[in-house]
**Student:** 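Below are the structure tokens for one structure; questions will follow.
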Amino acid sequence: MTTPEPSAPSNFIRDIVAQDLASGKRSHVVTRFPPEPNGYLHIGHAKSICLNFGLAIEHRGTCHLRFDDTNPETEDPEYVQAIQDDVRWLGFDWKENKFFASDYFEQLYDYAVTLIQNGKAYVDSSSADDIRRRRGTLTEPGTDSPHRNRSSDENLDLFRRMKAGEFADGTHVLRAKIDMASPNINLRDPVLYRIRKSTHYRTGDAWCLYPSYDYAHPLSDALEGITHSICTLEFEDHRPLYDWVVEQAGTPHRPQQIEFARLNLTNTVMSKRKLLELVEKKLVSGWDDPRLPTIKGLRRRGFTPEAIRAFCEAIGVAKRDATIEMALLEHFIREDLNKRAARVMGVLKPLKVVIENYPEGQAEELDAVNNPEDPGAGSRKVPFSRTVYIEQEDFREVPPPKYFRLSPGKEVRLRYAYIVKCDSVVKDPHTGAIIEVHCTYDPETRSGGPQAGRKVKATIHWVSAKHALDAEVRLYEPLLKTDLSKIPADRDWTLDLNPHSLERLTGCKVEPSLLKGKIGGRYQFERQGYFCVDPDTAKGLLTFNRTVSLRDTWAKIEKARQES
RNA sequence: UGGGGGAUCGUCUAGCGGUAGGACGUCAGCCUCUGGAGCUGACUACCUAGGUUCGAUUCCUAGUCCCCCAGCCA
């Protein structure tokens, strides 16, 4: 397990836990992360994971990983595996504390029998429609089911037969007997069990009766000795029911539910339903599409667990609804990668530069620093020759104000190499597009050479044409053009997907040291951003994902100029 | 307008009766063989109205606005 950050900011939940320990209300801390295995984890889950595991680490307690698998129709072992991978990748260890709500089905059933015997639950044989109708509305009380006062014996008999498979789906449910007139709708005799004749991925066909969340969750917590059951705000008004279930079941241990605000991020979606929709409609390539805020997506995009954890710590834990700007997440991955990513040169949109006074056929190896932030990272050799590629953006035939890069008659430094001066350009006779730039270099200005100190306005990156490796580079922009909260509920939100969220660049040229780049390897392409080697590289072509761009002052200047 | 929650810089978040702090962002400058990184400085906030108090973001009262709940989902 990772060690807790001593500087980690406190929050109201940490305060509650600390107080419970100080007051003697609790002698130890047991939390849990309880995903339902019906989808992949996203960064919102990471917030919960960091909170729950973090609390346990802080107090030398334990944090359970519990699969809340009470709905056989949507759950799948694929998700169980993926969730475990993700939690582990994030850096957390549940040790021997892996549990499944489905392991408690027998005990849950026994508690239900007790509830029935105590007159606290009954079998309702109404249709789903009738139950809904009798539930009342937000402003009107519900009305009792005609089956509400069945005898304990009748209920017991019916419930046993439900378990035995004598009834079809939807014909009977077990309901808590609380109060049909409660202003809290969750207390209007909520459903505890429903019949589902479908195969559960773990219990197979052993059951055709499945407990609801409101029944299974509090009891699972109680059974596991969870002290602090942390969940999101939408369960706040389920808390009286949570407490009721635990109280009526009479479990020796009483867990406490505490709610916090879920994470929202700008320009993306975070609900399982919407993520699933994107995957199923093939609007993205899969759960690990680098545009997705899923853990798998972020991982493929090149995020590190450290950056995600630092982000989760920075956003805090509170009860007010909050939408974090994507810029904050980007800040943390830049901060992390700046310290650890090896620097390389890669040209995304190549423009050929011929250095006319550089001898034909000559090549030399120049020293390049691997990471200025980490002296221990050493250096490498980069080949240089008469023809190099530079970025199309780094040349302007007619430079705008404050443009420091290459233009006719101007000088720039080729990083780690020489100062070159642009003498002429070659244009496509048909389109007029610049296809080649001709320069002369000053041999004295080689890095480390006698005139190396000469100042020029800019240094640009390059790759030797004959030594370059071909690559594909994928650039990502936000998935959504706007925030989900700004899209009307009656509008198909997928219409607001950003059509430019993925840009695939082929014909990119990268320095030869990248030949040994391993899948998942993270690099900084100097002056451009952080990139990682995509698994698609295994298909033969070196492929990179841009994790995040570098901060780009020039882009801001240009944008400001265009807007004024 | 039944119930449950929540309102502090543009965005997050701290504050627990004693000059409203931090982070991201933004702007300006320094520095730089990455227009990166780093460093300086600046910017902008207590939902409203009353009350209690020497003093209120904090306590009280009344409003306003926002979120959640009417699945046999979780």
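Quick note on labels: first sequence line is chain A, next is B, and so on, each numbered from 1. Remember, predicted model here, so these are calculated numbers, not experimental data.
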**Student:** Need to verify one output field. Residue with the more 5' nearest nucleotide on RNA chain B, A:Arg446 or A:Phe332?
**Tutor:**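 Taking each residue's closest nucleotide, the earlier one in sequence belongs to A:Phe332.
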
**Student:** With both distances kept under 3.5 Å, what pairs with B:rG71, Watson-Crick or G-U wobble?
**Tutor:** none

**Student:** Please state how far atom CG in A:Asp552 lies from atom P in B:rG25, giving the value in whole angstrom units.
**Tutor:**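 Distance, rounded to whole Å: 14 Å.
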
**Student:** Any idea which of B:rG35, B:rG36, B:rA14 is nearest the A:Thr459 side chain?
**Tutor:**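 Between B:rG35, B:rG36, B:rA14, the one nearest the side chain of A:Thr459 would be B:rG35.
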
**Student:** Pick one: which of A:Trp462, A:Tyr389, A:Tyr416 meets ring-ring contact (aromatic ring centres under 6.0 Å, His included) with A:Phe384?
**Tutor:** A:Trp462

**Student:** Just to be sure I understand the rule, does A:His238 reach a base, reach only the sugar-phosphate, or reach nothing, if contact means heavy atoms closer than 4.0 Å?
**Tutor:** base

**Student:** For A:Thr547 and A:Glu330, test the side chains for any donor-to-acceptor distance below 3.5 angstrom and give the result as yes or no.
**Tutor:**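 No, A:Glu330 and A:Thr547 have no side-chain donor paired with an acceptor closer than 3.5 Å.
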
**Student:** When you measure from the centre of the six-membered ring of A:Tyr441, is the NZ or CZ of A:Lys421 closer than 6.0 Å and no more than 45° off the axis?
**Tutor:**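 The answer is no, since A:Lys421 fails at least one limit relative to A:Tyr441.
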
**Student:** For a quick test of reading the model: is some side-chain N or O of A:Thr553 closer than 4.0 Å to OP1 or OP2 of B:rG36?
**Tutor:** yes

**Student:** Measuring from the side chain of A:Leu138 (C-beta onward, heavy atoms only), which nucleotide among B:rC24, B:rC69, B:rG36 has the closest atom?
**Tutor:** B:rC69

**Student:** Under 4.0 Å from OP1 or OP2 of B:rG36: is there any side-chain N or O of A:Arg415 that close?
**Tutor:** no

**Student:** Nearest of B:rG25, B:rG36, B:rC72 to any side-chain atom of A:Ala128?
**Tutor:**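 Side chain of A:Ala128 sits closest to B:rC72.
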
**Student:** Between A:Ser182 and A:Asn184, is any side-chain donor less than 3.5 angstrom from a side-chain acceptor?
**Tutor:**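 Absent: no donor and acceptor within the cut-off.
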
**Student:** Checking base pairs now: Watson-Crick or wobble, both atom distances under 3.5 Å. What partners B:rU32?
**Tutor:**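 Partner of B:rU32: none.
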
**Student:** Please state the C1' separation for the pair B:rA45 and B:rA7 - nearest whole angstrom.
**Tutor:** 12 Å

**Student:** What are the two closest heavy atoms between A:Val412 and A:Phe404, and how far apart are they?
**Tutor:** CG1-O, 3.9 Å

**Student:** Just checking A:Phe525: base, sugar-phosphate only, or nothing, at a heavy-atom cut-off of under 4.0 Å?
**Tutor:** nothing

**Student:** Ignoring backbone atoms, test whether A:Lys556 places a side-chain nitrogen or oxygen under 4.0 Å from the OP1 or OP2 oxygen of B:rG35.
**Tutor:**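 Looking at the OP1 and OP2 atoms of B:rG35, neither is under 4.0 Å from any side-chain N or O of A:Lys556.
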
**Student:** Just distance, no hydrogens or angles: give the donor-acceptor pairs under 3.5 Å from side chains in residues 315-329 of chain A, sequence neighbours left out.
**Tutor:**
residue, atom, partner, partner atom, Å
A:Lys319, NZ, A:Glu236, OE2, 2.3

**Student:** Tell me the interatomic distance from A:Glu330, atom CD, to B:rC12, atom P, rounded to whole angstroms.
**Tutor:**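 In whole Å, B:rC12 P lies 16 Å from A:Glu330 CD.
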
**Student:** Would you indicate what A:Lys457 reaches in the nucleic acid, counting non-hydrogen atoms under 4.0 angstrom: base, sugar-phosphate, or nothing?
**Tutor:** nothing

**Student:** Taking N and O atoms by type only, does the side chain of A:Gln524 place a donor or acceptor under 3.5 Å from a partner on the base of B:rU34?
**Tutor:**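 Between B:rU34 and A:Gln524, which were checked side chain against base, a qualifying N/O pair under 3.5 Å is present.
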
**Student:** Counting any heavy atom closer than 4.0 Å, what does A:Thr74 reach on the DNA or RNA strands: base, sugar-phosphate only, or nothing?
**Tutor:** nothing

**Student:** Looking at B:rG21, which nucleotide sits across from it as a Watson-Crick or G-U wobble partner, both distances under 3.5 angstrom, or is there none?
**Tutor:**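 Paired with B:rG21, as far as the under-3.5 Å criterion goes, is B:rU13.
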
**Student:** Can you identify which nucleotide, out of B:rG25, B:rA23, B:rC72, has its nearest atom closest to the A:Leu328 side chain?
**Tutor:** B:rA23

**Student:** Go through the side-chain N and O atoms of A:Tyr242 and A:Gln257 and say whether any donor and acceptor fall under 3.5 Å apart.
**Tutor:**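 No, no side-chain donor-acceptor pair sits under 3.5 Å.
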
**Student:** Can you work out whether A:Thr70 or A:Leu550 has the more 5'-proximal nearest nucleotide on RNA chain B?
**Tutor:**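 The residue closer to the strand's 5' end, by nearest nucleotide, is A:Leu550.
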
**Student:** Consider the side chain of A:Asp68, meaning its heavy atoms from C-beta on, and name the nucleotide among B:rU13, B:rA74, B:rG36 that approaches it most closely.
**Tutor:**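 In terms of side-chain proximity for A:Asp68, the closest of B:rU13, B:rA74, B:rG36 is B:rA74.
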
**Student:** Indicate whether OP1 or OP2 belonging to B:rA37 is found under 4.0 Å from a side-chain N or O atom of A:Arg334.
**Tutor:**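 For B:rA37, OP1/OP2 do not have a side-chain N/O of A:Arg334 under 4.0 Å.
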
**Student:** Please pick, from B:rG25, B:rG71, B:rA74, the nucleotide with the shortest atom-to-atom distance to any side-chain atom of A:Arg132.
**Tutor:**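 Per side-chain heavy atoms of A:Arg132, the pick is B:rG71.
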
**Student:** State which of B:rA14, B:rC72, B:rG25 makes the closest approach to the side chain of A:Val173.
**Tutor:** B:rC72

**Student:** Does a nitrogen or oxygen in the side chain of A:Arg135 sit under 4.0 Å from OP1 or OP2 of B:rG71?
**Tutor:**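 So the side chain of A:Arg135 is within the cut-off, an N or O lying under 4.0 Å from OP1 or OP2 of B:rG71.
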
**Student:** Does a side-chain N-to-carboxylate-O contact under 4.0 Å join A:Glu280 and A:Lys274?
**Tutor:** no

**Student:** State the pairing partner of B:rA42; accept Watson-Crick or G-U wobble contacts with both distances under 3.5 Å, and report none otherwise.
**Tutor:**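 Partner of B:rA42: B:rU26.
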
**Student:** May I ask which nucleotide in the shown strands pairs with B:rA7, Watson-Crick or G-U wobble, both distances under 3.5 Å?
**Tutor:**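 Answer to the pairing question: B:rU64, which forms a Watson-Crick or G-U pair with B:rA7.
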
**Student:** Is it the case that the side chains of A:Arg194 and A:Ser212 hold a donor-acceptor pair, with the cut-off being a distance below 3.5 Å and no angle test?
**Tutor:**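 There is no such pair (donor and acceptor under 3.5 Å, judged by atom type) between the side chains of A:Ser212 and A:Arg194.
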
**Student:** Sugar-phosphate atoms are those with a prime plus P, OP1 and OP2; base atoms are the rest. Using that split, label each nucleotide of nucleotides 3-11 of chain B B, S or - for protein heavy atoms under 4.0 Å, 5' to 3'.
**Tutor:** BSSSSB-BS

